[in-house]
Amino acid sequence: MIINYKKSVLTIALMLVVSLCFSQSDTVFWFVAPDIVQKHKNDVFEAPITFNIASFCNQQVNVKISQPASSSFPVIYKTIAANSSIEIDVTAYINEIENKPANSILNKGILIETSDFVSIYYSINLGNANPESFSLKGQNALGTEFFIPGQNQFKNGGMHNYEIPPYSKFDIVATMDSTFITIILKNDIIGHKAQTPFTIMLNKGQSYSAVATSQLGLYHLAGSQVTADKPIAITVTDDLVGIDGTTCADLIGDQIVPIDKIGVEYIVIKGQLSDNNDQVYITATENNTLVTLYGSTSNSFNLSKGETKGFYYQSTSNTMYITADKPIYCFQLTGMGCELGGAIVPTIVCTGSNKVIYRRGIAAKTNQLILNVFTTTSNISLFKINGNASLLTSDDFYNVEGTNGKWKYATKDLSSIIAQDALLTVTNDGLFHMATFDGNTNWGCSYNYFSDFKKSSELIISPMKNTYCIGKNFQISFTYKNLENIECICPNGKILKTPPFLISSATINDSGKYIIKGENIFGCDTMVSDSVFIHIVPGITTTYYDTICQGEHYTNNGFDTIFMIPDNYIFDSIINDCDTLRLEIFVAPSHYLLPIMILFVKGSVMLDMG
């Protein structure tokens with residue numbers, strides 16, 4: 001007699017499909033906040049500090065802010081309503097957040113995790129003196145090779161003498177334990193000399209601050225090289241920078257991107273600085289880099305590795321179109337009046353968004369809000385601002401010099417349209433880039449790009465397991481981003497072209513290497529692929545034997561039974577969705593139960609064995 005006793009296991013194969021063209025959005029953000037000058041006379045410069053977070057999601061988003069390397073910083077939990085935004089004031093923890101002192105291993109790295117995609121910027125003193133905001137770039141900020149971009153012309157402090165001197169600096173945060181970071185400085189910092197490589201080791205969430213020893217622009221840190229063996233993020237800061245001949249001095253800075261997120265083609269729109277003082281600074285990452293400019297007072301030039309050079313716009317130009325034969329960083333010094341703002345500029349190849357959101361902080365009541373937008377000519381009639389197609393139309397756009405009409409730009413003042421604490425949402429069917437000026441000509445200006453810095457593709461196979469039994473069904477689970485024409489190449493030569501990729505009733509011929517590949521939807525990567533080896537095996541049966549007498553009470557292996565009829569009993573239990581654990585029980589006749597009447601059923605006939 002054979003009785004099958006099966007324990008079923010429910011296996012769920014999950015395939016996550018991600019193809020987002022939103023603004024600089026993500027669900028994981030690493031950041032390290034700079035230490036800036038606290039005050040000057042009666043003006044407070046370093047506070048308040050806030051995180052402004054805007055959600056793309058049609059449901060509530062959960063937010064967690066932590067310092068993984070610190071036990072003194074309290075974990076902050078917040079929620080954001082669907083398609084809404086919040087401002088989280090963290091001024092109370094400023095001593096735990098600002099990355100100081102210099103040349104020290106610190107525990108100041110910030111990790112922000114959210115349950116869905118959001119856009120974040122860190123703000124310092126918006127609406128007051130010396131403001132700036134830092135656009136957090138999520139995964140695009142993480143990398144292992146960086147050059148420090150920035151300006152190297154104007155000194156910190158401008159025409160003023162501050163009680164606490166301001167300096168140029170960059171700050172590093174590690175995302176993994178035992179991260180070794182090598183730094184080659186363009187100029188001296190506190191504790192280290194220029195051109196003398198040194199290495200530090202940071203654990204997850206630990207940070208380091210490199211601070212220049214001189215305030216002069218010539219001795220700033222642009223062009224320094226930073227490499228790591230695991231992903232890191234870097235914040236660049238130039239505190240209280242003043243343009244020569246003006247009375248203004250402002251904080252400028254940004255979270256930068258690694259070399260694999262920069263490019264060879266850029267468009268930079270002139271800002272709101274008076275006297276044609278806007279400049280673009282180019283930093284080369286390789287020797288003999290040929291750079292060509294349209295709309296600048298210079299035409300073309302060569303740069304060496306780590307060399308940084310700034311360029312003014314032609315007086316009649318509002319755009320600068322830049323090309324290079326090797327990857328370059330592009331940093332824009334801009335602002336309002338003589339109040340400065342600064343940010344890295346995204347390359348135009350394989351970048352951009354079709355939806356950008358920006359939350360105006362509470363200080364917006366004293367500020368102007370001005371947008372710089374550029375896109376290809378085919379998209380200029382497709383913009384909507386908070387759902388309104390009349391606020392940014394094709395009539396607002398002009399040609400970008402040097403692009404033969406392919407690219408167009410617009411500058412739009414939304415100061416009276418987007419109120420403080422309000423959400424600005426800009427959409428288009430095509431890709432575009434958008435920067436914001438949030439400030440005034442009296443106190444200062446914050447400037448940032450909020451569109452996506454890289455439309456890279458991702459594909460990761462994540463099988464539930466690597467071994468299956470003959471006859472079973474299984475699915476090749478994977479996640480992807482920004483891919484199309486995805487297909488799976490099976491070891492038997494079969495090509496599956498429609499996800500999910502399900503293998504039914506597997507045979508030995510289904511053992512082998514499975515390759516999933518796809519093409520970037522923006523044409524940026526020729527092909528992205530990943531592979532996994534799947535084993536198909538016959539099931540193994542393991543047998544255990546036991547003997548009891550007729551009428552005995554048997555308790556073992558999950559059974560609790562009295563066997564009244566002599567026989568061989570076989571119980572099969574399926575484990576690991578494949579192998580069989582077999583229990584064979586021999587029930588021997590009992591002399592004590594004979595010759596009494598034993599009734600048993602065979603079909604529908606009852607027999608008397610007495």
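All values below were derived from every heavy atom in this structure, side-chain atoms included, with hydrogens, water molecules and symmetry-related copies excluded.
Put simply, the side chain of S66 never gets that close to the backbone of V75: no donor and acceptor are under 3.5 Å apart. Checked by atom type and distance alone, the side chain of N386 pairs as donor or acceptor with a backbone atom of T425 at under 3.5 Å. T375 places a side-chain N or O within 3.5 Å of a backbone atom of L431 that can act as its donor or acceptor partner. In terms of modelled atom types and a separation under 3.5 Å, the side chain of D567 and the main chain of Y569 share no donor-acceptor contact. Not one N or O on the side chain of N58 forms a donor-acceptor pair closer than 3.5 Å with the backbone of N83. Not a single donor-acceptor pair under 3.5 Å links the side chain of T351 to the backbone N or O of P346. Formation of a donor-acceptor pair under 3.5 Å by the T50 side chain with backbone atoms of E87 is not found in this model.
In summary, the aromatic rings of Y358 and F450 are positioned with their centroids under 6.0 Å apart. Between F501 and F478, a ring centre-to-centre spacing shorter than 6.0 Å is recorded.
Shown here are the salt bridge (charged side-chain N to carboxylate O under 4.0 Å, His left out) partners of E487, two or more places apart in sequence or in another chain: K497, K517. Contacts of S531 classified as side chain to side chain contact (heavy atoms under 4.5 Å, CB included), with partners at least two apart in sequence or in another chain: K513, I515.
Partner F374 forms a side chain to side chain contact (heavy atoms under 4.5 Å, CB included) with one of W407, F397, F432 and no other, that one being W407.
Y514 is listed as a side-chain neighbour of I503, based on a closest heavy-atom distance under 4.5 Å. The shortest distance between side-chain heavy atoms of V537 and T467 falls below 4.5 Å.
Rounded to the nearest 0.5 angstrom, T175 OG1 and W30 CH2 are separated by 6.0 Å. The CZ atom of F533 sits 13.0 Å away from the CD1 atom of I461 when rounded to the nearest 0.5 Å.
Of the charged side-chain nitrogens involved, none lies within less than 4.0 Å of a carboxylate oxygen, so that K137 and D452 do not count as a salt-bridged pair.
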